[in-house]
Amino acid sequence: MQLGLPFARIAEAEIPPTAVEPIAPIYFVRHRRARRYLLRVETDGRVRVTIPRGGSRREADAFAQKHAEWVARQRARLPRGGPPVEEHRALRERADRDLPARLIELARQHHLPVSRVSVRNQRSRWGSCGRDGHICLNWRLVLMPLWVSDYVLIHELMHLKRMDHSPAYWRLVADAYSEYRAARQWLRTHGASLR
């Protein structure tokens, strides 16, 4: 869950004094392409604050504290339970080990250069590809059948040839992975349950 507001200086006077308990645990991430401060409540209840270029840690903390009630509402909506911590850690380790290796294997088969592979905890994407050849993958790909996760990897690899979703791009995907329509349908049907 994420909240973002336009990047603007936050005046101290805008923060109500001790309106709500201070937010914890909280961590900050600087992102040079971010245009505004962003709040995200992770599945474990931690709060991530993205700091845009030109922003400060102090302003980011003020932004988070100003939205403490929103954070509390989001935390209340989090599902109870979920996979045990050890199981979650094992899945993340598996993703860090297996997904980059599989991506590089598929890249070699298709003669495509990959500059870097990252495995992240993305909430709204299964993967992404940058113009510099950096591919980011969602760790939850290890929770789905291999033929479906392979589609996601092929999808991102084909962006190394075309950085759009034009008909020409989808022809590249179809040529590289004939089962792509079935995989997309699987994601539509089951993907939300993995997030």
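Position 1 is the first residue of the sequence, and the numbers go up from there. All of these numbers come straight from a predicted model, not from anything done at the bench.
Placement of Ile51 and Val29 in two distinct hydrophobic clusters is found when ILVMFWY residues are connected by side-chain heavy-atom separations under 4.5 Å, directly or transitively.
Shortest non-hydrogen contact noted between Arg57 and Arg30 is N-NH2, 4.1 Å. Looking at every heavy atom in both residues, Ala34 comes nearest to Thr50 through CB-CG2, 3.9 Å.
For Arg94 (side chain) and Val142 (main-chain N/O), a donor-acceptor pair under 3.5 Å exists by modelled atom type.
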Which is it for Glu156 and Leu153 under the side chain to side chain contact (heavy atoms under 4.5 Å, CB included) test, yes or no, and what are the steps along the way?
CA-CA 5 Å; Glu156 299 310 331; Leu153 302 185; over 6 Å; no
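To the nearest 0.5 Å, atoms CG (Asn138) and OG (Ser118) are separated by 12.5 Å. With values rounded to the nearest 0.5 angstrom, Gln74 atom CD is found 11.5 Å from His67 atom NE2. Here the CG-CD1 distance, from Asp61 to Ile26, works out to 5.5 Å after rounding to the nearest 0.5 Å.
Ionic pairing of Glu105 and Arg108 is not present here: no N-O contact between side-chain nitrogen and carboxylate oxygen is shorter than 4.0 angstrom.
Side chain to side chain, Trp139 and Asp96 fail the donor-acceptor criterion of an N or O pair below 3.5 Å.
Proximity of the aromatic rings of His155 and Tyr169 is defined here by a centroid distance below 6.0 angstrom, and this criterion is met.
With sequence neighbours left out, the ring-ring contact (aromatic ring centres under 6.0 Å, His included) criterion links Phe28 to no other residue.
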